[in-house]
Amino acid sequence: MEIIIKKDALSGSHAAARVVARLVCEKPTAVIGLATGSTPLMLYKQLIHLHKEEGLDFSKVTTFNLDEYIGLPADHEQSYRRFMNENLFSQINIKMGNTHVPDGMAKDVPASCAAYEQAIANAGGIDLQVLGIGSDGHVGFNEPTSSFASRTRIKTLTKQTVADNARFFGGDESKVPHHCITMGIGTIMDARMNILLAFGANKAEAVAATVEGPVASIMPSSILQHHPSAKLFIDEAAATQLKLADYYRWVYDGKPDWQKDA
Ligand code: GLP
């Protein structure tokens, strides 16, 4: 795992955007896994900026989002499909047909999940997966005790996640769906690279457990310790509980120039 501590969320997001942009430049047909939530918003803004100002070309890129609430139609204010359309897809030159978000209205959920996995495989697998992290260590919507072998499937949110996400539903917990479709931990681990973004003091505990805690399904994100290419972009506030924070800074600052954005 590579831990990249930046002074704030903006510089952390810009550093993460450089990694995504580099991939898209090197492999215009890249397959990118995307996340929702407030955390990746600045990353998406920067990608839009790079597209508009520097011509970063998404015309051949394919995307797969991590998750979606069950029961929310694509045009619902809080659906992740709508979030992605508004915050990224409509502002870059990606082909909408190349963007994929699990179908929260699927009649046959298991079949729809299997089809999602098949679509990822047909696209050649995910080159780079963007991740946020829940306060309980969930990635996508893989709540604590999710199997490390899991694939795209239905999950039930924890009460903590329902409470955390109520802010997007006018603070009303009763409006937050309890079920979702999420890529599995196994799906995420198959991505050739994972980049996890975490900003703010409320993520500090989960970040420390992810990086320095035992690998255990009670902390789903800890599985990234087993990923051959996982980078964490965090800010100072999210780094406060890391025992080896100084070491991670020392490693990053000492990287040879050619490795800096790798
Ligand atoms: C939701 C998403 C996760 C995201 C998490 C954190 O639960 N399914 O993918 O990482 O929220 O959200 P935020 O970035 O707003 O803290």
Side-chain angles (χ1 to χ4, degrees), residues 1-4 12-37 39-51 54-68 80-81 84 87-89 91-102 113 115-133 139-140 142 148-152 182-198 220-221 223-233 255 258-262:
M1 260 177 163
E2 186 180 4
I3 319 303
I4 298 148
S13 301
H14 284 191
R18 283 198 292 278
V19 174
V20 178
R22 186 182 173 131
L23 170 69
V24 173
C25 287
E26 284 174 357
K27 185 179 179 186
T29 58
V31 178
I32 303 179
L34 296 172
T36 51
T39 304
L41 279 173
M42 276 185 264
L43 163 66
Y44 296 156
K45 279 210 169 79
Q46 182 64 5
L47 292 177
I48 293 163
H49 172 82
L50 293 173
H51 166 66
E54 294 177 26
L56 187 62
D57 182 11
F58 291 90
S59 62
K60 296 193 184 109
V61 166
T62 298
T63 65
F64 287 91
N65 263 77
L66 283 166
D67 46 14
E68 179 61 284
Y80 285 165
R81 162 51 80 181
M84 291 309 304
N87 291 298
L88 184 64
F89 300 150
Q91 301 186 62
I92 56 176
N93 66 332
I94 196 162
K95 294 195 177 78
M96 278 305 227
N98 287 350
T99 70
H100 304 83
V101 180
C113 293
Y116 203 71
E117 286 282 333
Q118 191 58 51
I120 294 172
N122 293 348
I126 293 171
D127 291 303
L128 181 155
Q129 176 66 54
V130 177
L131 297 170
I133 185 170
V139 283
N142 292 284
F148 285 159
S150 54
R151 313 302 304 189
T152 303
T182 180
M183 277 185 203
I185 302 276
T187 323
I188 292 167
M189 288 296 283
D190 279 352
R192 290 183 268 280
M193 182 192 292
N194 268 286
I195 62 172
L196 187 149
L197 282 64
S221 50
I223 191 64
L224 291 173
Q225 292 177 32
H226 282 271
H227 195 279
S229 180
K231 295 175 193 293
L232 264 68
F233 292 89
K255 279 173 85 164
W258 61 268
Q259 244 193 2
K260 283 235 152 90
D261 285 340

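Computed from a predicted structure; not experimentally measured.
- Using a 4.5 Å heavy-atom threshold, the side chains of Ile32 and Asp127 count as separate.
- Across every non-hydrogen atom of Ser221 and Ile133, the tightest pair is OG-CD1, 3.4 Å.
- With rounding to the nearest 0.5 angstrom, the CG atom of Leu128 is 7.5 Å from the CG atom of Asn194.
- A heavy-atom distance below 4.5 Å is not found between the side chains of Phe233 and Leu43.
- Between Tyr116 and Thr187, the closest side-chain pair of non-hydrogen atoms is not below 4.5 Å.
- Note that the CD1 atom of Ile195 and the NZ atom of Lys231 stand 9.0 Å from one another [nearest 0.5 Å].
- Contact check for Asn98 versus Val61: no side-chain heavy atoms found under the 4.5 Å cut-off.
- When every heavy atom of Gly132 is checked against every heavy atom of Ala35, the shortest pair comes out as N-CB, 4.0 Å.
- Looking at Lys95, its side chain never comes within 3.5 Å of a backbone N or O of Lys60 through a donor-acceptor pair.
- Using a 4.5 Å heavy-atom threshold, the side chains of Ile126 and Asp190 count as separate.
- At least one side-chain heavy atom of Leu34 sits under 4.5 Å from a side-chain heavy atom of Phe89.
- Separating the CD1 atom in Ile3 from the CG atom in Leu196 is a distance of 9.5 Å, to the nearest 0.5 Å.
- In this structure, the side chains of Pro220 and Ile185 come closer than 4.5 Å at one or more pairs of heavy atoms.
- Atom NZ of Lys27 has more than 12 heavy atoms from other residues, nucleotides or ligands within 6.0 Å.
- Taking both residues in full, the closest heavy atoms of Ala123 and Phe64 are given as CB-CE1, 3.9 Å, listed atom of the first, atom of the second, then distance.
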Test Met193 against Val19 for side chain to side chain contact (heavy atoms under 4.5 Å, CB included), laying out the working first. CA-CA 10 Å; Met193 182 192 292; Val19 174; 3.8 Å; yes
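- Counting only N and O atoms by type, the side chains of Gln46 and Ser13 include no donor and acceptor under 3.5 Å apart.
- Annotation for Met183 and Asn65: closest pair CE-O, 3.5 Å, computed over non-hydrogen atoms.
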As a quick check of understanding, evaluate side chain to side chain contact (heavy atoms under 4.5 Å, CB included) for Ile120 and His100, giving each step before the final call. CA-CA 9 Å; Ile120 294 172; His100 304 83; over 6 Å; no
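- Atoms CD1 and CD1, on Ile223 and Ile188 in that order, are 10.5 Å from each other to the nearest 0.5 Å.
- Distance CG/Leu88 to OG1/Thr99: 9.5 Å, rounded to 0.5 Å.
- Taking all atoms of both residues into account, the shortest heavy-atom contact from Phe58 to His51 is CE1-CB, 4.1 Å.
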Please evaluate residues Leu66 and Thr36 with respect to the criterion side chain to side chain contact (heavy atoms under 4.5 Å, CB included), reporting the C-alpha separation (whole Å), side-chain torsions for both, the decisive distance (0.1 Å), and the verdict. CA-CA 8 Å; Leu66 283 166; Thr36 51; over 6 Å; no
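- Going from atom NE2 of His227 over to atom CD of Gln129 covers 9.5 Å, rounded to the nearest 0.5 Å.
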